[in-house]
Amino acid sequence: MPTQKRVRRSAGLLLFRRPNGAVDEATMDDTAVDVTAVDDDAGFEVLIGHMGGPFWAGRESAAWSIPKGEYGPEEAPEAAARREFAEEFGHPAPDGEWVALGEARQSGGKTVTVWALEADLDAATAVPGTFTMEWPRGSGVLREFPEVDRFAWCTPRDAAERLVTGQRVFLDRLREHLADGRGTPDQGGC
């Protein structure tokens with residue numbers, strides 16, 4: 001009897017903030033949805049984290065992530081996103097209404113579901129969770145590393161350069177959501 005391969009799924013929460021509480025309408029038009037092509041500030045910033053551990057040390061491009069993590073069939077994706085945010089940032093997710101940004105399949109086959117939440121947290125207050133791995137490989141020495149070694153608020157353009165490729169689509173979706181004048185969430189997850 002063939003074994004069924006487990007589908008890997010992750011859920012995450014992308015915080016965004018708007019300077020002075022408003023989006024600059026001049027940069028938000030229907031023709032400028034691809035954040036990688038925008039030359040100026042989109043009128044909002046997103047909170048992303050630099051992945052911890054020796055593999056990501058010294059890397060900047062495509063070494064950052066939306067706070068997210070895997071979950072199993074027994075956990076709702078919204079609950080997983082909330083749990084993972086708390087584990088990676090070290091504080092619970094802020095209160096507010098969640099905007100569903102949908103799913104995206106990553107190059108490794110994992111499906112990631114992300115929500116956005118408008119909130120402003122101090123990135124310097126993060127107390128990330130840790131993981132243990134053998135390092136250097138083959139040494140027999142177990143070392144502990146932070147899941148995320150730092151967080152930063154970035155414009156969508158800067159975030160697109162830093163995020164792993166498969167997560168950049170969520171920046172486009174958030175930008176599109178805000179450009180459509182739906183500055184208040186239309187779908188709640190939590």
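Numbers for residues simply follow the sequence, beginning at 1.
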By side-chain contact (heavy atoms from CB on, under 4.5 Å), which residues pair with [X], not counting sequence neighbours?
X    : result
A123 : L47, F151, W153
A76  : E78, A79
V141 : S139, R143
D95  : none

Counting only N and O atoms by type, is there a donor-acceptor contact under 3.5 Å from the side chain of [X] to the main-chain atoms of [Y]?
X    : Y    : value
H91  : V127 : no
R168 : L163 : yes
H177 : A100 : no

The criterion is side chain to side chain donor-acceptor pair (under 3.5 Å); which residues satisfy it with [X], sequence neighbours excluded?
X   : value
E88 : none
E74 : none
E70 : R8, K110

List, by chain and number, the other hydrophobic cluster members for [X], where Ile, Leu, Val, Met, Phe, Trp and Tyr join if side-chain heavy atoms come within less than 4.5 Å, directly or indirectly.
X    : result
F145 : F131, M133, W135
Y71  : none
L142 : none

Minimum heavy-atom distance A159-V46, with the two atoms named: CB-CG2, 3.7 Å
Minimum heavy-atom distance between P77 and A11, given as atom pair plus value: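 Closest pair (atom of P77, atom of A11, distance): O-CB, 3.2 Å.
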Could you check if a side-chain atom of [X] sits within less than 4.5 angstrom of a side-chain atom of [Y], using non-hydrogen atoms only?
X    : Y    : result
R105 : V112 : no
C154 : E45  : no
F89  : P67  : no
E60  : E161 : no
P94  : L121 : yes
L14  : L101 : yes

Summary of salt bridge (Lys or Arg N to Asp or Glu O under 4.0 Å) pairs that have at least one residue in residues 125-138, sequence neighbours excluded: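 Every candidate salt bridge (Lys or Arg N to Asp or Glu O under 4.0 Å) pair involving residues 125-138 fails, so no pair, neighbours aside, qualifies.
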Partners meeting ring-ring contact (aromatic ring centres under 6.0 Å, His included) with F170 (sequence neighbours left out):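 ring-ring contact (aromatic ring centres under 6.0 Å, His included) check on F170 returns nothing, list empty.
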[atom1] of [X] to [atom2] of [Y]: how many Å apart, nearest 0.5 Å?
X    : Y    : atom1 : atom2 : answer
S65  : R162 : OG    : CZ    : 13.5 Å
Q106 : T165 : CD    : OG1   : 9.0 Å
R82  : E84  : CZ    : CD    : 13.5 Å
W64  : H50  : CH2   : NE2   : 6.5 Å
L117 : E97  : CG    : CD    : 9.5 Å
R9   : T111 : CZ    : OG1   : 5.0 Å

Stepwise side-chain contact (heavy atoms from CB on, under 4.5 Å) test for V99 and W115: CA-CA 5 Å; V99 176; W115 286 265; over 6 Å; no
Partner of M51 under side-chain contact (heavy atoms from CB on, under 4.5 Å), chosen from D149, V148, V164: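 Result for side-chain contact (heavy atoms from CB on, under 4.5 Å) with M51: V164.
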Working for side-chain contact (heavy atoms from CB on, under 4.5 Å), residues I48 and Q167: CA-CA 11 Å; I48 58 174; Q167 294 179 20; over 6 Å; no
Stepwise side-chain contact (heavy atoms from CB on, under 4.5 Å) check, L13 with I66: CA-CA 7 Å; L13 182 60; I66 295 167; 5.9 Å; no
No-hydrogen, no-angle side-chain donor-acceptor test under 3.5 Å, T130 and E147: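 Not at all, the side chains of T130 and E147 share no donor-acceptor pair under 3.5 Å.
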Greater than 12 external heavy atoms within 6.0 Å of R59's CZ: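 Counting neighbours around CZ of R59, more than 12 heavy atoms of other residues, nucleotides or ligands fall under 6.0 Å, so yes.
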Note: E118-R17 ion pair, threshold 4.0 Å (strictly below):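 Here E118 does not pair with R17 in a salt bridge, since their nearest N and O are not under 4.0 Å apart.
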